[in-house]
> 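Following this message is one structure expressed as structure tokens.
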Amino acid sequence: QVQLVESGGGLVQAGGSLSLSCAASGRTFSSKAMGWFRQAPGKEREFVAAISRSGVSRIYADSVKGRFTISRDNAKNTVYLQMNSLKPEDTAVYYCAAAAGIAPSRRGDDYLQWGQGTQVTVSS
């Protein structure tokens with residue numbers, strides 16, 4: 001089983017950047033696809049980005065495509081989310097998650113382990 005701890009959240013002005021990290025413990029990190037999701041107050045959790053086990057395949061929500069980049073370092077058991085050109089509507093708690101399989105997925109139900117989340121606030 002994989003335990004996940006996110007870091008890197010904070011307060012930033014619109015147009016700024018933040019980099020999130022998700023450190024995983026457990027020996028199976030490199031065998032799983034990883035994803036980032038977010039949940040804003042009063043809204044449902046939504047998919048942000050996901051990356052395959054190898055890192056070759058990446059998918060993004062339309063709302064973040066071209067602004068966010070997901071990456072991973074299997075040697076460090078860490079997945080990253082680089083967020084540029086941030087907008088106030090990006091404000092949310094961001095969660096990383098470990099999938100059951102090797103392929104990236106937009107469906108939350110395909111993820112078995114979740115981190116506690118890190119707050120990202122973008123001011124206008």
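When a residue number appears, it is its place in the shown sequence, counting from 1. In what follows, every heavy atom counts, from backbone to side chain, and hydrogens, waters and symmetry copies are set aside.
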> Give me the atom names and distance for the closest heavy-atom approach of Pro88 to Ser124.
CG-CB, 3.8 Å

> Can you check whether Ser52 reaches Arg58 side chain to side chain, under 4.5 Å on heavy atoms?
no

> Do any N or O atoms from the side chain of Gln119 and from the backbone of Gly9 form a donor-acceptor pair under 3.5 angstrom?
no

> With sequence neighbours left out, which residue pairs that include part of residues 101-124 fulfil the ring-ring contact (aromatic ring centres under 6.0 Å, His included) condition?
Phe37-Tyr111, Phe37-Trp114

> From Gln116 CD over to Cys22 SG, what is the distance, rounded to the nearest 0.5 angstrom?
11.0 Å

> Between Phe29 and Arg72, is there a cation-pi geometry (under 6.0 Å to ring centre, at most 45° from the normal)?
yes

> Indicate, with yes or no, if Trp36 and Phe47 share a hydrophobic cluster defined by side-chain heavy-atom contacts under 4.5 Å among Ile, Leu, Val, Met, Phe, Trp and Tyr.
no

> Run the side chain to side chain contact (heavy atoms under 4.5 Å, CB included) test against Val120 and tell me which residues pass, sequence neighbours left out.
Leu18, Leu20, Met83, Tyr94, Val122

> When you measure from the side chain of Tyr80 to the backbone N and O of Asp73, does any donor-acceptor pair fall under 3.5 Å?
no

> Return yes if some donor-acceptor pair links the side-chain N/O of Gln113 with the main-chain N/O of Gln3 below 3.5 Å, else return no.
no

> What heavy-atom pair brings Ile51 and Ser71 nearest, and what distance separates the two atoms?
CD1-CA, 3.7 Å

> Between Glu6 and Ser21, is a side-chain contact (heavy atoms from CB on, under 4.5 Å) present by the stated rule, with each step listed?
CA-CA 6 Å; Glu6 302 96 335; Ser21 298; over 6 Å; no

> Looking at Thr121, is its backbone amide N or carbonyl O close enough to the side chain of Thr91 to form a donor-acceptor pair, meaning the two atoms are under 3.5 Å apart?
no

> Of all heavy-atom pairs between Ser31 and Arg53, which one has the smallest distance, and what is that distance?
CA-CD, 3.4 Å

> Which value, rounded to the nearest 0.5 Å, describes the distance between Arg38 atom CZ and Tyr95 atom OH?
13.0 Å

> Which atom names give the shortest non-hydrogen contact between Ser105 and Ala50, and what distance separates them?
O-CB, 3.8 Å

> Is Arg107 paired with Asp110 through a side-chain N to carboxylate O contact shorter than 4.0 Å?
yes

> Specify the closest pair of heavy atoms between Ala24 and Leu4, including all atoms of both residues, with the distance to one decimal.
CB-CD2, 3.6 Å

> With sequence neighbours left out, what residues match Arg45 under salt bridge (Lys or Arg N to Asp or Glu O under 4.0 Å)?
none

> About how many Å separate CD1 of Ile102 and OG of Ser30, when rounded to the nearest 0.5 Å?
11.5 Å

> Evaluate the side-chain contact (heavy atoms from CB on, under 4.5 Å) criterion for residues Phe68 and Leu81: first the C-alpha distance (whole Å), next the side-chain angles of each, then the deciding distance (0.1 Å), finally the verdict.
CA-CA 7 Å; Phe68 291 11; Leu81 186 68; 4.2 Å; yes

> Yes or no on salt bridge (Lys or Arg N to Asp or Glu O under 4.0 Å) for Asp62 and Lys65, after CA distance, side-chain angles and deciding distance?
CA-CA 5 Å; Asp62 288 344; Lys65 197 173 296 183; 3.3 Å; yes

> Minimum heavy-atom separation for Lys32 to Ala99, with atom names?
CD-O, 3.4 Å

> Measure the CG-OG distance between Leu86 and Ser17 for me, rounded to the nearest 0.5 Å.
6.0 Å

